[in-house]
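Working notes for the structure below.
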2 protein chains.
Amino acid sequence: MKTKDKILQEALKQFNERGTDAVSIRSIGDAVGISAGNLAYHFKNTDAIIYQLYLNLAEALNQQVAKTQDLEMTLHNLAKRTKETFQILFIYRFLLIDFVHINRRVEGLQKHFLSLMDMRKMQFRFLFELFQQKGLFRKDITNEQYAELSDIIILYSNAWVSDGIVRFKGTNEALISHYARLFFMMTLPYLSAEGKGAFEEVLENWESM
Amino acid sequence: MKTKDKILQEALKQFNERGTDAVSIRSIGDAVGISAGNLAYHFKNTDAIIYQLYLNLAEALNQQVAKTQDLEMTLHNLAKRTKETFQILFIYRFLLIDFVHINRRVEGLQKHFLSLMDMRKMQFRFLFELFQQKGLFRKDITNEQYAELSDIIILYSNAWVSDGIVRFKGTNEALISHYARLFFMMTLPYLSAEGKGAFEEVLENWESM
DNA sequence: CATTAATTAGAACAAATGTACTAAATTTTG
DNA sequence: CAAAATTTAGTACATTTGTTCTAATTAATG
């Protein structure tokens with residue numbers, strides 16, 4: 001593996017374990033087995049590493065969206081993609097844990113992040129409309145309510161990792177599965193009778209999916 | 001004001017503005033106008049300050065709960081208390097922003113925090129049951145669903161500040177009001193037809209409340 | 001092979017931080 | 001008022017961190 005990739009891998013590990021502020025170019029260099037001087041050659045400072053890791057996450061999420069658009073959007077497929085997306089987010093969890101702090105300190109990231117959020121919000125709105133047309137979502141829910149649901153869903157998808165790390169007892173796999181499931185269940189009271197049927201089928205096979 | 005209180009006030013300000021890691025006993029001392037040595041006499045280090053501020057928040061929240069139990073729990077009163085609670089949380093917002101990080105670094109805090117969360121969860125469950133008995137909440141919602149709603153509500157009440165700081169455009173007052181309202185609206189799809197009537201009345205007078 | 005470019009190690013420096021200690025000043029108490 | 005306790009300023013020290021620079025080594029290229 002190239003030095004640059006080794007650095008990114010080790011940095012990701014340390015960021016996730018100890019938070020961005022407790023990690024230095026020296027702590028990463030020591031673990032990788034290279035000098036701090038060499039590390040500074042590849043990345044000027046830890047902010048540059050954070051920025052690169054953020055770009056990697058954004059790219060992984062984009063690929064996930066592209067995947068989604070290829071498939072016919074059944075509830076079952078949506079559940080699968082949700083689980084995958086949650087796994088990706090967990091890999092880069094320090095970005096969600098140090099959310100506000102990173103936005104404050106890494107220049108140029110906030111703007112990019114906000115547009116990523118807007119994009120995801122639009123995707124959710126699209127999905128809600130689709131499922132409403134298919135008769136899976138209730139017809140008596142107003143547009144305003146769907147807008148608010150997607151806001152809450154965005155908030156949830158940024159916050160579940162932090163909540164899980166502090167409150168959840170169990171393995172990482174169990175954590176991811178639990179919060180992906182909870183995410184899915186947030187839409188339950190918005191479903192029509194027909195939607196609930198399909199929904200329960202998905203939930204029954206949740207673990208094996 | 002006593003030195004100790006001055007320190008706490010200034011520390012709270014700096015924590016909220018810059019995050020816990022960017023604040024030192026010297027930066028606080030300089031702002032208050034006392035020496036670092038003196039500050040170390042009152043609080044051994046920044047962790048001790050964080051811990052004290054956390055206790056202050058927990059105490060303020062407990063008082064809020066006591067207040068709630070005095071009143072007849074109408075939807076209108078609940079909305080008022082919700083707004084107040086959100087204001088309190090915003091005052092101590094660094095604790096929610098640096099959530100995971102503080103739990104990692106300040107010893108003895110995680111346990112206390114977890115029991116606080118459990119307590120709040122039980123309060124929500126109690127409220128849901130009460131409103132269900134009053135016919136404001138839907139009867140066809142299962143116990144499991146109410147358990148999950150309270151989990152999501154706990155998550156939301158820990159995460160809205162971070163979301164708001166990054167994504168919301170507007171004054172702090174508008175931010176608090178917006179997220180308290182969104183919090184309230186999360187329960188909307190769980191309401192009965194009767195509940196919705198009372199609910200909309202509350203929402204109409206939201207700003208003036 | 002020779003030269004150029006890329007990579008790496010290592011050292012040096014200033015700034016900031018937690019921590020510990022001393023001595024002076026102030027307040028409280030008897 | 002005198003003694004004791006509390007509060008305060010100031011200093012010193014070891015660590016850590018970002019940053020910058022130099023020189024050596026390795027890889028790439030013509």
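Note that this is a predicted model, so its numbers are computed, not measured. Residue numbering restarts at 1 for every chain, and letters A, B, ... go by the order of the sequence lines.
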Check whether any side-chain N or O of Tyr41(B) sits under 4.0 Å from OP1 or OP2 of dT7(D), and answer yes or no. yes

Rounded to whole Å, how long is the line connecting atom CD1 of Ile50(A) with atom P of dG18(D)? 10 Å

Using only side-chain N and O atoms of Asn38(B), determine if any of them is under 4.0 Å from OP1 or OP2 of dA9(D). yes

Looking at the side chain of Ser24(B), which of dA6(C), dG18(C), dT8(D) is the nearest nucleotide? dG18(C)

For the pair made of CD1 in Ile25(A) and P in dG10(C), what is the distance, rounded to whole Å? 15 Å

With side-chain contact (heavy atoms from CB on, under 4.5 Å) as the test, pick out the partner of Leu136(A) among Tyr190(A), Phe128(A), Phe131(A), Phe199(A). Phe131(A)

Report the distance from atom CG of Asn45(A) to atom C1' of dT16(D), rounded to the nearest whole Å. 16 Å

Between atom CZ in Arg26(A) and atom P in dG10(C), what is the gap in whole Å? 13 Å

Without decimals, in angstroms, what is the distance between Ile49(B) CD1 and dT17(C) C1'? 14 Å

In terms of side-chain heavy atoms, does Asp163(A) have a donor or acceptor partner in Tyr179(A) at a distance below 3.5 Å? yes

Less than 4.0 angstrom between a side-chain N/O of His42(B) and OP1 or OP2 of dT8(D), yes or no? yes

side-chain contact (heavy atoms from CB on, under 4.5 Å) with Val106(B): of Ile49(B), Ile50(B), Asp98(B), only one passes, and it is Ile50(B)

Looking across every strand, which nucleic acid part, if any, lies under 4.0 Å from Ile34(A) by heavy atom: base, sugar-phosphate, or nothing? sugar-phosphate

Using whole Å, report how far CZ of Arg18(B) lies from C1' of dT17(C). 13 Å

For Gln110(A) and Val166(B), the nearest pair of non-hydrogen atoms, with its separation, is NE2-O, 3.1 Å

Between Phe99(A) and Phe94(A), is any pair of side-chain heavy atoms under 4.5 Å apart? no

Does a side-chain N or O from Thr3(A) land closer than 4.0 Å to OP1 or OP2 of dT7(C), or not? no

In whole angstrom, what separates Asp30(B)'s CG from dA9(D)'s P? 11 Å

Between Ile7(A) (CD1) and dT8(C) (C1'), how many Å, whole number? 11 Å

